[in-house]
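These notes concern the structure reproduced below.
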Protein chains: 2
Amino acid sequence: MKFEKIIATCVEINSEIFFIVKINTKCPLKRSLRRILLYRGSLLRLQALGVKRVYSYTLGSETGVSAEQVRKDFSEYHIKGNQRGGYRVDKLIGEMETIFHNNGNHNIIVVGRGNIGSSLANYNNFIQRQINIVATFDIDPSKQRIRSDIPVYTMERMKEIIDRFEVRTAIIAVPDMVAQNVCDQLVKYGIDGIVNFAPVILKVTDDIIVNNVNLSDEIESVIYCVSLTGLEEF
Amino acid sequence: MKFEKIIATCVEINSEIFFIVKINTKCPLKRSLRRILLYRGSLLRLQALGVKRVYSYTLGSETGVSAEQVRKDFSEYHIKGNQRGGYRVDKLIGEMETIFHNNGNHNIIVVGRGNIGSSLANYNNFIQRQINIVATFDIDPSKQRIRSDIPVYTMERMKEIIDRFEVRTAIIAVPDMVAQNVCDQLVKYGIDGIVNFAPVILKVTDDIIVNNVNLSDEIESVIYCVSLTGLEEF
DNA sequence: TTTTTATAGTTATATTTTTCACATCTAATG
DNA sequence: CATTAGATGTGAAAAATATAACTATAAAAA
Ligand SMILES: NC(=O)c1ccc[n+]([C@@H]2O[C@H](COP(=O)([O-])OP(=O)(O)OC[C@H]3O[C@@H](n4cnc5c(N)ncnc54)[C@H](O)[C@@H]3O)[C@@H](O)[C@H]2O)c1
Ligand SMILES: NC(=O)c1ccc[n+]([C@@H]2O[C@H](COP(=O)([O-])OP(=O)(O)OC[C@H]3O[C@@H](n4cnc5c(N)ncnc54)[C@H](O)[C@@H]3O)[C@@H](O)[C@H]2O)c1
């Protein structure tokens, strides 16, 4: 795991210079570990279908990874298979749970019960991945009247819920202008992992993990790739 | 750009062996180019705030990238600044548009007007990034009655809309079990770029660009990082 | 039992990506 | 006008990642 050093920055806004002291963090979970997550998701689905056994190339094909890469990743995390018969799905899942120290469900909260926040709250399959959304928060009173399995609370109750459910990870799904503000509150109440959907890089100290999910970038990168095809020869 | 080779795979389901011939593609847009996208998003926001000029470390700090990396990326795409005065925001944005061949808006469609599909359709800021959702599609008649700026059509009208708006990129936001099916339809109608929210790896030929966005993985990777802190020394 | 074969596991190599160090340039300053 | 401070630009080194090639082994077949 690596952290960026503290740097002082300045911005010019309308010919006035502003100084910002920023401490930045990255948690770009090394690629191999991200793939273990990917394999696990795929294995859980395969298991549900009744699949008992996979080969490195089966799993690779399922996850869009080369067979060598799958074996290499397993090797890195000391996951052993049977040299002729591949890997047992249940055993694999078990070993992955160990890697992720998965002792039961992980309670998380979502701030902002708008489009994205509601999508996440309505999604039923998180529980298969042991992700448990215990509450959502919103400042808008009309949102607070939403009736669903997952409650919507006012911001005032955030600390209480975080403490009660021992929440360590939160999702930010509020407009970009208030994302930093919400982030600061979350950190104050003891959150140390954030998934951020707002298109801003949050300023946090380096003990806080932030994962920025930028949907515009995800779409735009495909649009760009598509615009390339036909232009370049292979 | 790199493509995986064609491989034959087999899966064992309830002790029956199934063979699948699969052709897989990846479009992992090289990291530097992904960051250019990130810089551009940030610059557009800064521009709206009235910022005229940035330095490599300003922009780096804004996007969570090191100053050296920013300069290196610019160097790769032959983007020049002023060796004392940094970079002019408008000029930078212009150069990036050139890189992305951005001649006007890009029309895209969304299949599945459920949680994610509606979130995307309701999002007003795509247009700033020249992403233009022209239509959404759903098999559910109740979804087809949704009234909003962006229409919901039956699947029957897909080909017509794709042709009319010259759509090349589509977003898949349907349940995982039908994602491959929808994908095949899209490809049949001439789509060659797909952003896939379903947690399955789509089987496509290597002329089709697929970007898988797996929200569970995004959340889980933070949960994992958080569970590590305190366990490891730095 | 021996041989064959398919697949895991590992080591070596290649490629990509990031970081570092410093030369270079430009705008401000005295 | 010469000097200097503070930026950019880039080649080289280092680190991370991916690919390929090879070895070992277990299961199946002969
Ligand atoms: N919807 C998308 O497809 C999409 C795409 C790209 C990026 N994003 C980003 O994701 C974030 C959420 O998007 P969305 O479409 O769900 O927005 P939204 O407007 O639907 O929802 C935002 C919610 O946050 C609440 N909110 C506002 N200020 C708050 C505060 N200070 N504290 C708590 N709650 C507050 C609002 O009441 C609202 O319910 C935004 O930052 C947006 O830029 C969304
Ligand atoms: N909502 C989330 O937070 C979340 C998180 C992780 C992954 N995902 C994935 O994203 C995808 C969409 O999720 P969602 O929550 O929006 O689902 P959803 O159930 O809300 O919406 C799916 C929509 O697709 C439509 N649909 C079903 N079959 C179709 C078909 N054959 N053709 C066209 N439309 C069809 C349904 O009518 C529905 O409106 C799913 O694959 C899901 O696994 C969602």
Side-chain angles (χ1 to χ4, degrees), chain A residues 1-5 7-12 15 17 19 24 26-39 52-61 63-89 91-92 95, chain B residues 1-12 15 17 19 24-39 52-61 63-89 91-92 95:
Chain A
M1 209 173 294
K2 224 178 329 144
F3 296 99
E4 256 192 77
K5 47 185 170 277
I7 45 172
T9 81
C10 61
V11 206
E12 184 187 319
S15 52
I17 305 289
F19 283 86
N24 194 19
K26 292 197 250 182
C27 157
L29 207 56
K30 58 191 291 195
R31 305 291 266 278
S32 55
L33 206 42
R34 261 306 278 253
R35 283 191 301 266
I36 298 279
L37 235 40
L38 189 67
Y39 303 144
K52 298 275 178 254
R53 194 164 273 286
V54 293
Y55 303 110
S56 58
Y57 51 86
T58 321
L59 192 55
S61 142
T63 52
V65 171
S66 75
E68 296 85 352
Q69 185 80 79
V70 171
R71 294 204 299 276
K72 192 85 206 276
D73 289 340
F74 284 5
S75 168
E76 184 176 344
Y77 294 98
H78 309 104
I79 295 175
K80 302 276 174 195
N82 177 315
Q83 287 197 290
R84 182 68 196 280
Y87 306 86
R88 272 182 45 202
V89 171
K91 200 154 150 288
L92 271 186
E95 305 221 42
Chain B
M1 210 173 293
K2 224 173 331 143
F3 297 100
E4 256 191 79
K5 47 184 170 282
I6 299 174
I7 46 172
T9 80
C10 60
V11 206
E12 183 188 307
S15 50
I17 306 288
F19 283 86
N24 195 17
T25 313
K26 292 198 250 181
C27 156
L29 206 57
K30 56 191 293 197
R31 305 288 267 278
S32 54
L33 205 44
R34 262 306 278 253
R35 282 191 302 265
I36 299 277
L37 234 39
L38 190 66
Y39 303 144
K52 298 275 177 254
R53 191 165 276 287
V54 292
Y55 302 111
S56 58
Y57 52 86
T58 321
L59 190 55
S61 141
T63 52
V65 171
S66 76
E68 298 85 354
Q69 185 81 79
V70 171
R71 294 203 300 275
K72 193 85 213 228
D73 289 340
F74 284 4
S75 169
E76 184 176 345
Y77 294 98
H78 309 104
I79 295 175
K80 302 275 176 196
N82 177 317
Q83 287 197 291
R84 180 70 196 279
Y87 306 86
R88 272 182 46 201
V89 171
K91 200 154 150 287
L92 272 186
E95 307 221 39

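First the proteins, then the strands, lettered A, B, ... as listed; each starts at 1.
- Put simply, A:Y55 has no side-chain N or O that comes within less than 4.0 Å of OP1 or OP2 on C:dA6.
- Screening residues 75-86 of chain A for salt bridge (Lys or Arg N to Asp or Glu O under 4.0 Å) gives A:K30-A:E76 as the qualifying pairs, with residues at least two apart or on separate chains.
- With the nearest nucleotide of DNA chain D identified for both A:G85 and B:G85, B:G85 has the one nearer the 5' end.
- For the segment residues 69-76 of chain B, the set of residues with a heavy atom within less than 4.0 Å of an atom of DNA chain D comprises B:R71, B:K72, B:S75, in numerical order.
- In this model, the phosphate group of D:dT17 is not approached by any side-chain N or O of A:R35 to a distance below 4.0 Å at OP1 or OP2.
- Here the closest non-hydrogen pair linking A:L38 and A:T63 is CD2-O, 3.6 Å.
- Between atom OH of residue A:Y57 and atom CZ of residue A:R71 there is a gap of 10.0 Å, rounded to the nearest 0.5 Å.
- Between the CG atom in B:D73 and the OG atom in B:S66 there is a gap of 8.5 Å [rounded to 0.5 Å].
- Within the 4.0 Å cut-off from OP1 or OP2 of D:dA18, not a single side-chain nitrogen or oxygen of A:S66 is found.
- Distance, B:R53 CZ to D:dG6 P: 17 Å, rounded to whole Å.
- For B:E68 and D:dA14, the CD to C1' distance is 14 Å, given to the nearest whole Å.
- Going from atom CG of A:L29 over to atom CG of A:L37 covers 6.5 Å, rounded to the nearest 0.5 Å.
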(request) Could you walk me through whether A:Y87 and A:T58 pass the side-chain contact (heavy atoms from CB on, under 4.5 Å) test, one step at a time? (result) CA-CA 10 Å; A:Y87 306 86; A:T58 321; over 6 Å; no
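- Distance check, rounded to the nearest 0.5 Å: CG of B:L59 to CZ of B:R53 gives 13.5 Å.
- For the 3.5 Å distance criterion, the side chains of B:S32 and B:Y77 qualify, holding a donor opposite an acceptor.
- Following rounding to the nearest Å, A:H78 (NE2) and C:dG9 (P) show an atom-to-atom distance of 12 Å.
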Could you list, one pair per line, each protein nitrogen or oxygen that sits under 3.5 Å from a nitrogen or oxygen of nucleotides 28-30 of chain C, together with the distance?
none

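- Closest of all the heavy-atom pairs between B:V65 and B:Y39 is CG1-OH, 3.5 Å.
- Side chain B:Q83 to base C:dT26: no donor-acceptor pair is found below 3.5 Å.
- Of the side-chain N and O atoms in B:Y87, one or more sit less than 4.0 angstrom from OP1 or OP2 of D:dG9.
- For the pair B:K30 NZ and D:dA18 C1', the interatomic distance rounds to 15 Å; values are reported in whole Å.
- At D:dA27, one or more side-chain N or O atoms of A:N82 fall inside 4.0 Å of OP1 or OP2 (strictly under the cut-off).
- When the P atom of D:dT10 is taken as reference, atom OH of B:Y77 falls 15 Å away, rounded to whole Å.
- The side chain of B:K80 lies closest to D:dT10, out of C:dA27, D:dT10, D:dT8.
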